[in-house]
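To find a chain, count down the sequence lines: A is the first, B the second, and so on, and within it residues start at 1.
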Amino acid sequence: MLDDEYQLEYFKENGFVRKKCPACGKNFWTRDTGTKMCGDPPCVSYSFIGAPVFKKEYDISSMREAYLSFFERNGHTRVNRYPVIARWREDIYLTIASIADFQPFVTSGLVPPPANPLTISQPCIRLDDLDAVGRSGRHLTTFEMMAHHAFNSRSNEIYWKDRTVELCDTLLSELGADLNAVTYKESPWAGGGNAGPSVEVLVGGLELATLVFMDLKQVKGGSIEIKGETYEKMENYIVDTGYGLERFVWASRGSPTIYDAVFPGVVKELMDLAGIEHSIENPEYANIFSQNARFAGVMDISGQANLFQLRKKVADSIGTTVEKLQKIMVPVETVYVVADHSRCLAFMLGDGIIPSNVKAGYLARLVLRRTLRMMKDLEIREPLAEIIEMQIRNFPEYPEFRERLDTIREIVTLEEEKYADTIERGTKLVRKTALHFKEKKEKMPLAELIQLYDTHGIPPEITREVAKDSNVEVELPDTFYSLVAKKHSKAEEEEQEALLPDLPQTRKLYYEYPGQREFEAQVIDVIENRIILDSTLFYPEGGGQPSDHGTLLADDYVADVVNVRSINGIIIHETDSDFGFKKGDVVKGKIDWERRMAHMRHHTATHIVNEAAKSVLGKHIWQTGAQKSTDRARLDLTHYKRITDEEFREIELRANKEVMENLPVIIKWMDRVEAEKQYGFTLYQGGVPPGKEIRILRVGNDVEACGGTHVLNTGLIGPIKLLRTERIQDGVERIEFSAGEAAVKRIQERDELLNRSAEALRVSPEQLPDTVNRFFEEWKDQKKENERLKAELAEARVRAMVSDAANVNGLKVISKKIPHADVEELIKVATEFSKNDDAVALLASDLGGVKLVVSAGAHAQKMGVNAGAIVREMSKIVGGGGGGKPGIAQGGGTDAQKIEEALEMGVKMVKEKLNSLSTSFN
RNA sequence: GGGCCUGUAGAUCAGGGGUAGAUCGUUGCGUUCGCAACGCAAAGGCCGCGGGUUCGAAUCCCGCCGGGUCCA
């Protein structure tokens, strides 16, 4: 497939030969005619360990600098890295590759790249192979993808395959690699709807880089087929390279693991904290880890079974047992994990991710908790915050992380506390559950483990450990986590976009004439009740702002516009009638200005509240959602703790101050790249708008990309009244507020509530809290007093009733109607009476229909009197139901006329029971 | 965005349509020179809030509020 794609002039001119790897069957290019294998594991294994491939050792920053400056010298512009949280993307949370920085708008050709060609070193986070981190010797959660990109179009080609390979070759050569040992393995690439030929760059058994020539896009029925999908050539074709910075450093050092090459200082510190001798300096240990990395390099080590295979191989090769090997390796591997994860967290938190249980925040928490677990295994007592701080201090190249240190420390400390709470709660729960299965003498089933993890966050390893303490076995398969994942696999959500005829973009008058309320336009198309105009003042739903309403008027017809949507720039007016308008008509449009104004006020207020929240709560505040309506708006923000009442008031005050300053609301269209450069990704608080030009809105200090409609000056917003906060998710706070008229109404409503409440209690609003408190306390006291009196009354009643009791076969039976008594009272009387073992009480009241209570003393019960059974029968008579225990039962109904009848029935039943007893026993 | 769990005395929790419980803590009494320990007793509950079903709801159903947790 695509064989021609790899016939590069560069290869031919430089004496490369194309070979087929006998192991994997893939083609590759090499200068050395003697080379047989493609150079990629598992066909070959690592040869660079102990034999560095470059002429000198590099660390992270010197290698990064060497790379970037090489490409600068070769005509590339150095571009700053992007955050690890992909704020400019709607489809991914974390930045997973350098090309992700330029998707989707640059790669699609809509927006020009910040420079062309460019070079970058982009920190990336991938959490796919978490289990392999620390164990394989090469896996990292966080790595920097160094890259050079060239964005070509048919009319403007920067460079393509030959130059790309040449640059790579030259770089390797400058670094001192033996070019004869370099192989370029053909490996077509596909992903994310794009594809293209690609070569993997292999040295010493290590894949150092991948050079992708992205020139295909996925098209249904396309002419080129790769892996079952069809593709077509793109107008733009992109050089997408990825050079692993950490791998380059590793290759330059030839150390046993990548971890020792990349963050030796942190590893050393952690080893000390864990009380492990720094074993990698010991040649014997170094040998173990080298062997491990070599074997791990050529096999899949996911899952316990594969891991065991790896251990076995390593153990055999150095002549020891798996058990002994584990003892040596596990603590060191765990240190590697902590080193890697804390570095990952430094990036995540440094770039402003707030741990939470949704979205990117969830991923941060996942890593954070995993780190804590590992630290516990190592018995490192140092707070995690300190370790992350240590990482950050090791990044002189990321000064922005240091600025956030205080916040990061607070977040991590809070998270640590939260996790400790979860574990403590969990441990108790597991103990209880374990006990349950111990009693049943069963293993704890898998379903229970999943339940504990899924709903309570207790890792199965901890469950197993705790259960072991209670001598309960646990069923824990390797595939545990994937089983949990399966439980959550969800149905695909399909959203069909309405098919539209090919129409020109609607001219957006609402941007051009923001204050205007009426307009004239021509009808371009009518689809049932949907009308498309050449231009419109109607704002379509978007950015959390609902659409405008209003009317469209032709010569003879009027239609109410009930909804407005924008699909690919074509604005569709949905009306309440499906006739009247036709193509070519000139219509007058009039928008419901009150509605629009309310939306504009709330929208502009949202920007102000967002900014106020940021100034009060901290820089980590990020909008995750917003919704406006005519009478209120809500704003969701990332924040790691609850907003306090004091902060709430402060935000409200600052927001209103901005209003009172009557700041202008400045709107301008800007080049996307320019805007990003000037304001950063905080622009994209409300989402990422498409297009080369984006609409930038500035209110005070708040600058955002925003497509909404706004008032011209903040003073027009009127008052902003914060209504409440809500924690919609852990790590996400929602603020609800009203602006303008709606705010005044809210304030009035609240006053009204207060006044009415105060009036009800005949006090002034100021006295309300004290008075309500007093009333509540008094109510509680009286409730208690009432209960005490009822008990007393019951005793008195019983004393009075004892003499009325009928003697039925030796039992004292009383049947009585106590008018107006509630159930509680009846129960008290009945229980009091039947403290006497021989007593049976049948009580009735006419409160709210009929209430019945029957009780039987201990002896009476032995004689066969069942209060529950009797009540059931009695209740039927009065048109209800009832039941209870043999000693005490309640019932009732609706027919008060039949109380006497029911009581007679009760007495009769007691008699019958006793008679039948005496006959059967005689 | 989707799912699951959860809210009962100051704390930890049981109960799960029919008189609200246990343990610890608190207070008092006993024992003691005193303390601890022990024994006895008591106080302490809008069973998160609001609706619904029912003769009857802490318990079942719905909504809201709060807390926890897993996944995308």
Side-chain angles (χ1 to χ4, degrees), chain A residues 90-93 127 356-363 365-366 369 418-419 421-429 431-432 435-436 447 449-460 480-493 495 624-625 636 642 724-732 734 775-777 779-780 782-784 787 790-791 794 822-832 834-835 844-855 867-868 871-872 874-896 898-899 902:
Chain A
E90 307 267 274
D91 52 343
I92 51 173
Y93 297 131
L127 302 177
S356 123
N357 49 8
V358 289
K359 299 184 182 177
Y362 173 68
L363 301 175
R365 177 168 288 168
L366 183 86
R369 293 194 167 183
K418 255 186 201 168
Y419 188 54
D421 283 350
T422 298
I423 293 301
E424 200 194 307
R425 251 197 317 274
T427 310
K428 274 187 207 162
L429 191 64
R431 269 202 209 107
K432 214 162 58 189
L435 222 63
H436 173 77
L449 247 67
I450 293 180
Q451 164 80 2
L452 284 167
Y453 177 66
D454 203 23
T455 59
H456 303 288
I458 308 160
F480 181 83
Y481 290 98
S482 51
L483 284 171
V484 174
K486 202 179 283 172
K487 232 187 109 181
H488 292 278
S489 64
K490 56 149 195 176
E492 283 282 309
E493 203 177 304
E495 202 173 304
T624 62
D636 299 341
R642 292 307 307 259
R724 61 198 286 258
T725 65
E726 185 188 349
R727 203 183 69 147
I728 56 163
Q729 292 285 2
D730 195 12
V732 183
R734 171 170 293 174
F775 270 67
F776 188 55
E777 289 304 320
W779 172 80
K780 283 202 280 193
Q782 285 180 7
K783 202 178 89 153
K784 254 175 268 172
E787 225 156 273
K790 271 183 194 166
D822 61 22
V823 179
E824 205 179 329
E825 216 174 322
L826 295 183
I827 287 172
K828 279 200 159 47
V829 174
T831 37
E832 184 64 34
S834 57
K835 274 179 185 164
S845 152
D846 55 0
L847 189 79
V850 184
K851 306 286 176 212
L852 300 168
V853 171
V854 173
S855 71
V871 155
R872 250 192 303 279
M874 290 170 70
S875 302
K876 270 186 204 161
I877 294 173
V878 293
K885 295 179 286 193
I888 176 92
Q890 300 87 18
T894 46
D895 191 353
K898 295 192 175 165
I899 289 183

Undergrad: List for me each residue that meets salt bridge (Lys or Arg N to Asp or Glu O under 4.0 Å) alongside Lys876(A), sequence neighbours excluded, and say none if there are none.
TA: Glu873(A)
Undergrad: Residues two or more places apart in sequence or in another chain: which of them pass salt bridge (Lys or Arg N to Asp or Glu O under 4.0 Å) with Glu726(A)?
TA: Arg724(A)
Undergrad: For C65(B) and C49(B), measure between their P atoms and round to the nearest Å.
TA: 15 Å
Undergrad: Of all residues at least two apart in sequence or in a different chain, which pass the side chain to side chain contact (heavy atoms under 4.5 Å, CB included) check with Thr725(A)?
TA: Arg642(A), Ile643(A), Phe648(A), Glu733(A), Ile735(A)
Undergrad: Select one nucleotide: of C65(B), G3(B), U69(B), the one nearest the side-chain heavy atoms of Asp730(A).
TA: U69(B)
Undergrad: Could you tell me whether the side chain of Asn357(A) has a donor or acceptor atom within less than 3.5 Å of a complementary atom in the base of U69(B)?
TA: yes
Undergrad: Can you list the residues that meet the side chain to side chain contact (heavy atoms under 4.5 Å, CB included) rule with Lys790(A), with sequence neighbours excluded?
TA: Asn786(A), Asp822(A), Glu824(A), Glu825(A), Lys828(A)
Undergrad: Look at the side chain of Lys418(A) and decide which nucleotide, out of G68(B), A72(B), C65(B), has an atom nearest to it.
TA: G68(B)
Undergrad: Given atom NZ of Lys359(A) and atom P of U69(B), what is their separation to the nearest angstrom?
TA: 19 Å
Undergrad: Test of understanding: with side chain to side chain contact (heavy atoms under 4.5 Å, CB included), list the residues that count as partners of Asp730(A), not counting sequence neighbours.
TA: Asn357(A), Arg365(A), Lys418(A), Arg727(A)
Undergrad: Please enumerate all protein N or O atoms sitting under 3.5 Å from an N or O of nucleotides 45-50 of chain B, with distances to 0.1 Å.
TA:
none

Undergrad: Collect all protein-nucleotide pairs involving nucleotides 58-61 of chain B in which both atoms are nitrogen or oxygen and the distance is under 3.5 Å.
TA:
none

Undergrad: Does any pair with a residue in residues 878-889 of chain A pass salt bridge (charged side-chain N to carboxylate O under 4.0 Å, His left out), and if so which ones, sequence neighbours excluded?
TA: none
Undergrad: Excluding sequence neighbours, so at least two apart, what forms side chain to side chain contact (heavy atoms under 4.5 Å, CB included) with Pro886(A)?
TA: Gln861(A), Asn866(A)
Undergrad: Can you give one letter per nucleotide of nucleotides 5-26 of chain B, 5' to 3': B if a protein heavy atom sits under 4.0 Å from the base, S if only from the sugar-phosphate, - if neither?
TA: S------SSS---BB-------
Undergrad: Under a 3.5 Å cut-off on both pairing distances, which runs of 3 or more consecutive Watson-Crick or G-U pairs involve RNA chain B?
TA: B:1-7 with B:65-71, B:10-13 with B:21-24, B:26-30 with B:38-42, B:48-52 with B:60-64
Undergrad: Which one, C70(B), G67(B), G68(B), comes nearest to the side chain of Asp454(A)?
TA: C70(B)
Undergrad: With the side chain of Tyr93(A) defined as its heavy atoms from C-beta on, choose the nearest nucleotide among A72(B), G56(B), U69(B).
TA: A72(B)
Undergrad: At under 4.0 Å, does any side-chain N or O of Arg872(A) touch on OP1 or OP2 of C55(B)?
TA: no
Undergrad: Can you tell me, in whole Å, how much space there is between the P of U12(B) and that of G7(B)?
TA: 12 Å
Undergrad: Could you tell me how far C24(B) sits from A37(B) if I compare only their C1' atoms? Round to whole Å.
TA: 16 Å
Undergrad: If you look at every strand shown and take non-hydrogen atoms under 4.0 Å, does Thr422(A) touch a base, only sugar-phosphate, or nothing?
TA: sugar-phosphate
Undergrad: With Lys432(A), which residues qualify under salt bridge (Lys or Arg N to Asp or Glu O under 4.0 Å), at least two apart?
TA: none
